[in-house]
Amino acid sequence: MNLLEREEYYVEAFFRFIKLRLIYIENYNFIKIKLRTLLRNFGYKRRSENIVNNVKRTIKALRLESYLRDYQVCDINEIDIDDTIIIRLKE
């Protein structure tokens with residue numbers, strides 16, 4: 001398994017865990033995390049095209065949605081790195 005495949009595996013596992021928590025834990029409707037913290041979980045200090053595309057693809061495949069405060073759908077490519085994103089199940 002090369003580095004890129006390993007990274008994809010970790011990103012997918014991270015978001016699968018979030019999805020399981022959202023589905024099976026009662027009164028658990030969203031996850032809040034800063035984009036900087038999310039990137040740090042995968043060993044990044046800055047956004048790269050590779051990690052952003054990987055995260056976006058995984059969120060879409062798992063039928064999750066990322067929001068800013070006030071329930072605004074957001075693209076992690078366009079928000080500030082210090083913004084807090086809210087991850088919810090896609091309706």
**Q.** Any side-chain heavy-atom pair of D83 and L35 under 4.5 Å
**A.** no
Q. Sequence neighbours excluded, which residues qualify as salt bridge (Lys or Arg N to Asp or Glu O under 4.0 Å) partners of K56?
A. D75
(Q) For L22 versus N29, what's the shortest heavy-atom pair and its separation? (A) CD2-C, 3.5 Å
Q.
Quick check: closest heavy atoms across I76 and I85, and the distance to 0.1 Å?
A. CG2-CD1, 4.4 Å
Q) Would a 4.5 Å heavy-atom cut-off, applied to side chains only, mark K19 and F15 as touching? A) no
Q. Do L64 and L20 sit in the same hydrophobic cluster, where Ile, Leu, Val, Met, Phe, Trp and Tyr count as joined when their side-chain heavy atoms come under 4.5 Å apart?
A. yes
Q) Do R21 and I31 touch side chain to side chain, with heavy atoms closer than 4.5 Å? A) yes
Q. Would you say R36 and R40 make side-chain contact, with heavy atoms under 4.5 Å?
A. yes
Q. Under 4.5 Å between any side-chain heavy atoms of L39 and R47, yes or no?
A. yes
Q: Can you run down the side-chain hydrogen bond (donor to acceptor under 3.5 Å, both in side chains) pairs that involve residues 62-74, sequence neighbours left out, and say none if there aren't any?
A: Y71-E91
Q. Hey, is the main chain of E49 close enough, under 3.5 Å, to the side chain of N53 for a donor-acceptor pair?
A. yes
Q) Do the non-hydrogen side-chain atoms of E7 and Y44 ever get within less than 4.5 Å of each other? A) yes
**Q.** For F30, the option from I18, I86, L89 that meets side chain to side chain contact (heavy atoms under 4.5 Å, CB included)
**A.** I86
**Q.** Cluster overlap F17 with V55, hydrophobic side-chain contacts below 4.5 Å
**A.** no
Q | Connected via hydrophobic side-chain network under 4.5 Å: Y24 and I87 | A | yes
Q.
Side chains of I23 and Y28, heavy atoms from C-beta outward: is any pair under 4.5 Å?
A. no
Q. Would you say T37's side chain and I33's backbone share a donor-acceptor pair under 3.5 angstrom?
A. no
(Q) Looking at every heavy atom in both V11 and F42, which two are closest together, and how far apart are they? (A) CA-CE2, 3.7 Å
Q) Which value, rounded to the nearest 0.5 Å, describes the distance between N54 atom CG and E8 atom CD? A) 5.0 Å
